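Heads up: the structure comes next, in structure tokens.
Because the structure is a prediction, the values reported are computed rather than measured.
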Amino acid sequence: MDAIDYRLIEAVQRGLPISSRPYAEIGAKVDLSEQEVIARLGKLKRLGLIKRFGVVVNHRKLGYQSNAMIVMNVPDALIDQLGGHISQFSFVSLCYQRPRQGERWPYNLYCMIHGKSRQRVLEQLAQLVEACGLGQFAMEVLFSRRCFKQRGALYKPTPAEDIATSHG
């Protein structure tokens, strides 16, 4: 990586401009042509320095106000099978394994369901439990009350973002 790559990452870390030619706009900011921006970003991605470009969706603004993390205690031998099955449902936005934290927190499989109402989320959970045979396992449904953060990583925050991050 060189100084231009660092400037390029800084230019894209808050998202691409909404434009018919976003790479040309970024290029204008970092003194590169549109093709140079595309080539350098491609190189950074191939090198694994940029993992992916994606969209961070603010689901609450889209009306998805009921968001539940479902935590389950399933046998370790079934984690891959159940996690793979759970992750196939379109209403499950993520599914992952975490280590148990002793008897106080025995859960090792987590999945997130976003919904427009608690009732709808609970209906989808019931569908998941039935289809995946999860009824025999201990689980809790943790509805979120606040959204603390929804954005990609910032590698070079502005001084104001630095202060906000350091104070939570």
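Q81 contributes no side-chain N or O that, together with a main-chain N or O of I79, makes up a donor-acceptor pair within less than 3.5 Å. Using modelled atom types, one side-chain atom of S19 and one backbone atom of R21 make a donor-acceptor pair closer than 3.5 Å.
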Fill in: Trace of the side-chain contact (heavy atoms from CB on, under 4.5 Å) decision for M69 with L94
CA-CA 9 Å; M69 176 66 73; L94 53 99; 4.3 Å; yes
Practice prompt. Go through the steps to decide whether V71 and W105 satisfy the test side-chain contact (heavy atoms from CB on, under 4.5 Å), and finish with yes or no.
Written response: CA-CA 10 Å; V71 296; W105 191 257; 4.0 Å; yes
Discussion item. Does E123 form a side chain to side chain donor-acceptor pair (under 3.5 Å) with Q127? I'd like the steps, not just the answer.
Written reply: CA-CA 6 Å; E123 289 168 2; Q127 180 185 351; over 6 Å; no
Worksheet entry | I9 vs M1, side-chain contact (heavy atoms from CB on, under 4.5 Å): CA-CA, chis, key distance, verdict | CA-CA 10 Å; I9 288 173; M1 269 184 66; 3.6 Å; yes
Item to complete: Report the C-alpha separation of S66 and R60 in whole Å, then their side-chain angles, then the decisive distance to 0.1 Å, and conclude whether the side chain to side chain donor-acceptor pair (under 3.5 Å) test is met.
Response: CA-CA 8 Å; S66 297; R60 289 178 183 261; over 6 Å; no
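Environment of CG in D76: crowded, with over 12 heavy atoms of neighbouring residues, nucleotides or ligands closer than 6.0 Å. Within a 6.0 Å radius of CG in L62, other residues, nucleotides and ligands contribute more than 12 heavy atoms. A 6.0 Å sphere centred on CZ of F143 holds more than 12 heavy atoms belonging to other residues, nucleotides or ligands.
A distance of 4.0 Å separates CE of M72 from CG of L109, quoted to the nearest 0.5 Å. Taken to the nearest 0.5 Å, the CD1 atom of I113 stands 10.0 Å off from the SG atom of C95. How far CD1 of I70 is from CG of L128: 8.0 Å, rounded to the nearest 0.5 Å. Here the OH atom belonging to Y64 is positioned 13.0 Å from the CG atom belonging to N58, to the nearest 0.5 angstrom. Remark: L16 CG to E25 CD distance equals 10.0 Å, nearest 0.5 Å. The distance from atom CG of L32 to atom CG of L8, rounded to the nearest 0.5 Å, is 6.5 Å.
Shown here for S33 and E36, the closest heavy-atom pair between the two residues is N-OE1, 2.7 Å. Listed here is the closest heavy atom pair of V37 and G27: CG2-CA, 3.5 Å.
Judged by a 6.0 Å distance limit and a 45° cone about the ring axis, R100 is not positioned over the six-membered ring of Y107.
Under the 4.5 Å side-chain criterion, counting only non-hydrogen atoms from C-beta, C132 is in contact with F89. In this structure, the side chains of P99 and Q101 come closer than 4.5 Å at one or more pairs of heavy atoms. Side-chain contact between L134 and I86: present, with at least one pair of heavy atoms (C-beta onward) separated by less than 4.5 Å. Side-chain atoms of K116 and V121, non-hydrogen and from C-beta on, never get closer than 4.5 Å to each other.
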Distance-only donor-acceptor pairs under 3.5 Å for side chains of residues 39-50, two or more places apart:
from : atom 1 : to  : atom 2 : distance (Å)
R40  : NH1    : D2  : OD1    : 3.1
R40  : NH1    : D2  : OD2    : 3.3
R40  : NH1    : D5  : OD1    : 2.7
R40  : NH2    : D2  : OD2    : 3.4
R46  : NH1    : G42 : O      : 3.4

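The aromatic rings of Y96 and Y110 sit parallel, their planes meeting at an angle under 30°, below the 60° perpendicular limit.
Taking a cutoff of 4.0 Å between a charged side-chain nitrogen and a carboxylate oxygen, R7 and E10 do not qualify as a salt bridge.
A side-chain contact (heavy atoms from CB on, under 4.5 Å) with F137 is found for exactly one of N108, L82, V129, namely L82. With N67 as the partner, the side chain to side chain donor-acceptor pair (under 3.5 Å) test is satisfied by one option alone out of R118, H114, R145: H114.
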